[in-house]
4 protein chains.
Amino acid sequence: MFFASDNSGPVPPQVLEAMARANQGHTSGYGSDALSLQVADRIRDLFEAPAAAVYLVPTGTAANSLALATLCPPYATVFCSPVAHIHEDECNAPEFYSGGAKLTLVKGGDRMTPEALRAAIEGEGNRGVHGPKRGPVSITQLTEKGNYYTLEELRALTAVAREYGLSVHLDGARFANAAVKLGVTPAEMSWKSGVDICVFGGTKNGLMGVEAVVIFDPELALEFEYRRKRGAHLFSKHRYLAAQMDAYLEGDLWKELAQKANARCDQLLQGLKGLGLTVHNDTHANMIFFEMPRAAHRRVLEAGAVYYPSGDLEGDDDELLTGRLVCDWSLQPADVSAFLDLLRDAA
Amino acid sequence: MFFASDNSGPVPPQVLEAMARANQGHTSGYGSDALSLQVADRIRDLFEAPAAAVYLVPTGTAANSLALATLCPPYATVFCSPVAHIHEDECNAPEFYSGGAKLTLVKGGDRMTPEALRAAIEGEGNRGVHGPKRGPVSITQLTEKGNYYTLEELRALTAVAREYGLSVHLDGARFANAAVKLGVTPAEMSWKSGVDICVFGGTKNGLMGVEAVVIFDPELALEFEYRRKRGAHLFSKHRYLAAQMDAYLEGDLWKELAQKANARCDQLLQGLKGLGLTVHNDTHANMIFFEMPRAAHRRVLEAGAVYYPSGDLEGDDDELLTGRLVCDWSLQPADVSAFLDLLRDAA
Amino acid sequence: MFFASDNSGPVPPQVLEAMARANQGHTSGYGSDALSLQVADRIRDLFEAPAAAVYLVPTGTAANSLALATLCPPYATVFCSPVAHIHEDECNAPEFYSGGAKLTLVKGGDRMTPEALRAAIEGEGNRGVHGPKRGPVSITQLTEKGNYYTLEELRALTAVAREYGLSVHLDGARFANAAVKLGVTPAEMSWKSGVDICVFGGTKNGLMGVEAVVIFDPELALEFEYRRKRGAHLFSKHRYLAAQMDAYLEGDLWKELAQKANARCDQLLQGLKGLGLTVHNDTHANMIFFEMPRAAHRRVLEAGAVYYPSGDLEGDDDELLTGRLVCDWSLQPADVSAFLDLLRDAA
Amino acid sequence: MFFASDNSGPVPPQVLEAMARANQGHTSGYGSDALSLQVADRIRDLFEAPAAAVYLVPTGTAANSLALATLCPPYATVFCSPVAHIHEDECNAPEFYSGGAKLTLVKGGDRMTPEALRAAIEGEGNRGVHGPKRGPVSITQLTEKGNYYTLEELRALTAVAREYGLSVHLDGARFANAAVKLGVTPAEMSWKSGVDICVFGGTKNGLMGVEAVVIFDPELALEFEYRRKRGAHLFSKHRYLAAQMDAYLEGDLWKELAQKANARCDQLLQGLKGLGLTVHNDTHANMIFFEMPRAAHRRVLEAGAVYYPSGDLEGDDDELLTGRLVCDWSLQPADVSAFLDLLRDAA
């Protein structure tokens, strides 16, 4: 009953098997081995982007920070949501990698609106060199609150960026969950919707630690390569990153894993609604927020469930706290059922 | 017959097995899981340093750069050899992570002498704020040319650093090969010899991509933690780094792997000498440099051996080129014999 | 009728005279000349801080950025108002000088409240290394909206900082205007109120380009010196900075200049009120905001007055726009009267 | 008898007069005032470069660092002499402003040779992303040892840079002294010889603190502007920088000042030779190095002369030490004569 994060579960057996298969003999390093080259090709195929530059890095923060540094000079600012992972959860990594750029928080919640984005851009571009230059727009799909943008919504945002000549970064740590939920292709959810650099996340969807950065303008490739090396994210034994990604692509495992996680979340949603509990986000994929009195949260957590409530467990028993539930691919229907039983007993 | 690098071979089965064992159920992330905590304890035990702070990172460049950034303010300079990995092979990563510190190259070759180190320090400290502040001394053991420092030599260097109040970083990408060659303990080759932060390398000695940074002054721990996260090197699924390191420590596998690599290099040395070829470094562990005419190199490489000669294969057939041979743990005695046979035929 | 900024007027004759006096013969450079040393002593006397380290730099942005970089590691965040000069008007200089720190905007307007400051601090310190470390609090006195904090208000803010172990930077670009308005001493408005590094501004109050950075903890001095040099703000011909500051201190010229500017602003306030115009800030010193219909602004500006209205001059004639008026020391009572006459005619 | 540096003398009266003239009434700030715009035009005229972007900054370190940061990405390296001011005297400012670029020291002395430059470039470009990317070549004219490059020599260096597609920065802190010595125009010594960004120094040649950065490719202008502001080097009261530069250009004062300084150095050279003393550099302009026994240096310095000998004054009386003599515009023939008299008595 572990719903605390989708980075908490094991990796599927295919991933370990692929790593074991890759563990044969000697190869050249730093991404020049055959498997690494082949995996880059497969990602180009998947994204229908034959000219794209593709790089593997071990963490989502590395993927985001390197992508942003490639798009954003140090005297510019990145436009993002106030709850963006790049703002809240990366300990100044984007500021570090960009050499001191700012993040400008677009007013509102996790899902930016075109109007709020436009207002934020307008607010930064009117002081000459006294304020930062306008830099890229960073969009998270799924958002950090588990919500998705439809393709139309995504395109409305990138259209605003394009209008101002700004580039677009997509933080796709949960790209797979969103694509599966929406039933769209990677190409549709990236360059066909105006994205310049897309992070195709693997870690939160079942890999040990691999994210692919897909750069649709190959002119940016060399700069990214230098920045990746300088950031100490170029693996000598690159084949073990490539093997994970290879397994992820094989037979569309990435979709299958995301479907499993999303299905468990749907099961949760139905269960929570059946219990009469308030749920915040209907545009969820594998993450959901629900309300319950503090005392009930306490009982459920004490019974062994793992997730994050929005406040301390000590306090007024009746106060409503919000619980965040995230499903990873490895959860079983029975895990969700058992958790819902706990909730029923507690509520 | 792959002697190009010790990052080219496979990992030993124990590593994959440990990763598979760790791949059970859900755990908390970012190094807070039981296995990660336990591995840190094992490293503290190994280094006889109960108060040390221990962190795992995926690449040697990350280990070095984060360690140096922790020791070196941006307005200072790091003293190192002109062939130091941090200078030649990390694409400005130390400069990036430190925020713009310099590297001051100590005159001489791969093995710094106390006299040359002293001269370099004296040369930087006499211009007030016009030149950089003196920063840490960075020593590589084994050096990038495959040579070791004896404990006495190491201590003579750290004594110079200490005399000027400077801290010491040890780049131990090949720490195991050196320790085994010298027959000394990790403690002897680190804090007992005046090292402040030691990189205990795993990647070049059989892991997929794990280095332990051992910080003997726990007051530096929090800064390192922030810098690691900001550098995007904190793994959410940290257990897979920990599992690799756990296998490495179990039954002193790290020693066994280094012994194997060193033994192959000894076998090479005897063979090369037997062929009458000039060998540069007697203080080798798992890396060796030898001379041979260009035409002979060409024949050997065309026959399938893999290693780096010091110049183009096109040119005067009789000119002597230096070949660099590095052994990893997975090479077999028969591999070395076959290679020596090729050399014999070619020479 | 120039009310656009207090950096637009000439310098008083005493400043040029002091520079001419300093322009005799040869001296040593970089702040080691007799005049520079003497001026540092005078500032220590003025601030009743015999142990303070005092440095001159040419711009307010340099003063703020160097001070913040000295107080804030790159993995931390600075707490400031959403309209702080360091956030709005320095083109990422604090982010640059600190090596990539963040600014956390304290909710509210130009005058931070202790409650909002506390909430901002609480909001940043609860995600371990995932979010930035809490860094210094930056307070502007006068604020960017022309308002002051009373000593009590200032101390309430620094008390919150102290409670969390955070240091305090005072952006005193208009320090003199505030001190004169409040009738308090530099010591009272800085270290006696909990300030760790105070910028004692000269440029906006009549100097060509000199700000003194007063660091009350001398242990931070050397770091600041290195950072100043590295930032390219150490003048070789330092005597010309020192001469300006010397004139500024002589006979309390700094007070006299600020009193003149403040008096003109008082005159403006009375005049604006007499005209029945709405004025935003009563806690003003030399800056004031007033409302008037767009058409009236247009007439006044077309008649030759210079200041910034809050919106375009094209648009609905009757819409109220806010005008910002800033007085510098060189304005004469007749300048203000002439401007008020224009307003009367236009309104 | 002050020969320690050309930043130690007073400014000529024309500079103070121009500042006084500029000190009238209110103007707009940050370089948008009429005088600032006019001065930029004058520099474009002087350099015969109507499209050039021209910026004033207060220190040579700022000029160099901002120019290099505009030309050099953080993952590249700058090629320069081992005694370059940017390496020896700027406390990591180029590393800071570039965001962590390296400096690669071209083997040899203060005057780079095309062969050594080529070797340095070749040495950096052969490790893919493991080493830094090749960045700009930085040339100092006059060099830090008082020597000049002829136009032919300069062009031979920039031709090497061009061959590798690298840009060229000219550190012209003593540009005037070199141009006057060679009898060439600013255009000839900059863009006509392959220079991309030229620092036209004023501070060492009689200004209080102004350097002009002349950027021949206007596409780099906006980036430089942002970097200048972010570096805190954009003066609000820009007219006082412009006034100094205006005086410098008026009637070719910059040439007249350099001629005076150079003439004093010629007088010194003749005198030193007349005394039979060894002089190191015949390609001098306003800086010269000569040898004399320690005891003689001691006597001369004790008698009131000011300059830097190459070693401590305590030690073997007969050991030859090198003295560095730098002439500024304000020295009189009688000052030199008096100094030569001292030398005669001492030697």
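Labels below follow one simple rule: chain letters A, B, ... track the order of the sequence lines, proteins then strands, and each chain is numbered from 1. Hydrogens, waters and symmetry mates are skipped; everything else that's a heavy atom, side chains included, is used.
If you measure heavy-atom distances from Leu66(A) to chain B, you find no contacts under 4.5 Å at all. With a threshold of 4.5 angstrom between heavy atoms, Ser5(B) does not approach chain A through any atom at all. Only the side chain of Asp328(A) comes within less than 4.5 Å of a heavy atom of chain B; its backbone N, CA, C and O stay farther away. In this structure, no portion of Ala4(A) lies under 4.5 Å from any heavy atom of chain B. Neither the backbone nor the side chain of Leu241(A) comes within less than 4.5 Å of any heavy atom in chain B. Contact annotation for Asp89(A): only backbone heavy atoms (N, CA, C, O) come within less than 4.5 Å of a heavy atom of chain B. With a threshold of 4.5 angstrom between heavy atoms, Tyr240(A) approaches chain B through side-chain atoms but not through N, CA, C or O.
Annotation: the span from Glu95(A) atom CD to Arg230(B) atom CZ amounts to 9.5 Å, rounded to 0.5 Å.
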Stepwise, does the side chain to side chain contact (heavy atoms under 4.5 Å, CB included) test hold for Ser236(A) with Lys204(B)? CA-CA 9 Å; Ser236(A) 58; Lys204(B) 288 188 193 298; over 6 Å; no
Would you please test Asn92(B) and Tyr226(A) for side-chain hydrogen bond (donor to acceptor under 3.5 Å, both in side chains) and show each step? CA-CA 9 Å; Asn92(B) 301 6; Tyr226(A) 275 110; over 6 Å; no
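The two residues Phe2(A) and Ser28(B) have their closest heavy-atom pair at CZ-N, 4.3 Å. Summarising the geometry of Lys229(B) relative to Glu90(A), their closest heavy-atom pair is CE-CA, 4.0 Å, with the distance given to 0.1 Å. Closest of all the heavy-atom pairs between Thr203(A) and Lys237(B) is O-NZ, 2.7 Å.
Within 6.0 Å of OH in Tyr307(A) there are more than 12 heavy atoms belonging to other residues, nucleotides or ligands.
Of all the listed residues (Thr27(B), Leu16(B), Thr59(B)), the one sharing the greatest number of non-hydrogen pairs under 4.5 Å with chain A is Thr27(B). Chain A forms more heavy-atom pairs under 4.5 Å with one residue of Ala62(B), Gly29(B), Gly231(B) than with any other, namely Gly231(B). Options Gly25(A), Pro13(A), Ser65(A) differ in how many heavy-atom pairs under 4.5 Å they form with chain B, and the most are formed by Gly25(A). Contact count against chain B (heavy-atom pairs under 4.5 Å) is highest for Ala93(A) among Ala63(A), Ser330(A), Ala22(A), Ala93(A). When Gly99(B), Pro58(B), Gly209(B) are compared by the number of non-hydrogen pairs under 4.5 Å with chain A, Pro58(B) comes out ahead.
Proximity of Tyr30(B) to Asn7(A): side-chain heavy atoms (C-beta onward) are separated by under 4.5 Å at one or more points.
Ring geometry, Phe96(A) versus Phe96(B): the interplanar angle falls under 30°, so the pair is classed parallel (tilted spans 30 to 60°). Between His233(B) and His233(A), the ring planes are parallel. Angles under 30° get that label, and only those over 60° would be called perpendicular.
A donor-acceptor contact shorter than 3.5 Å links the side chain of Asn23(B) to the backbone of Val11(A). Here the side chain of Arg239(B) pairs a donor or acceptor atom with the backbone of Ser8(A) at under 3.5 angstrom.
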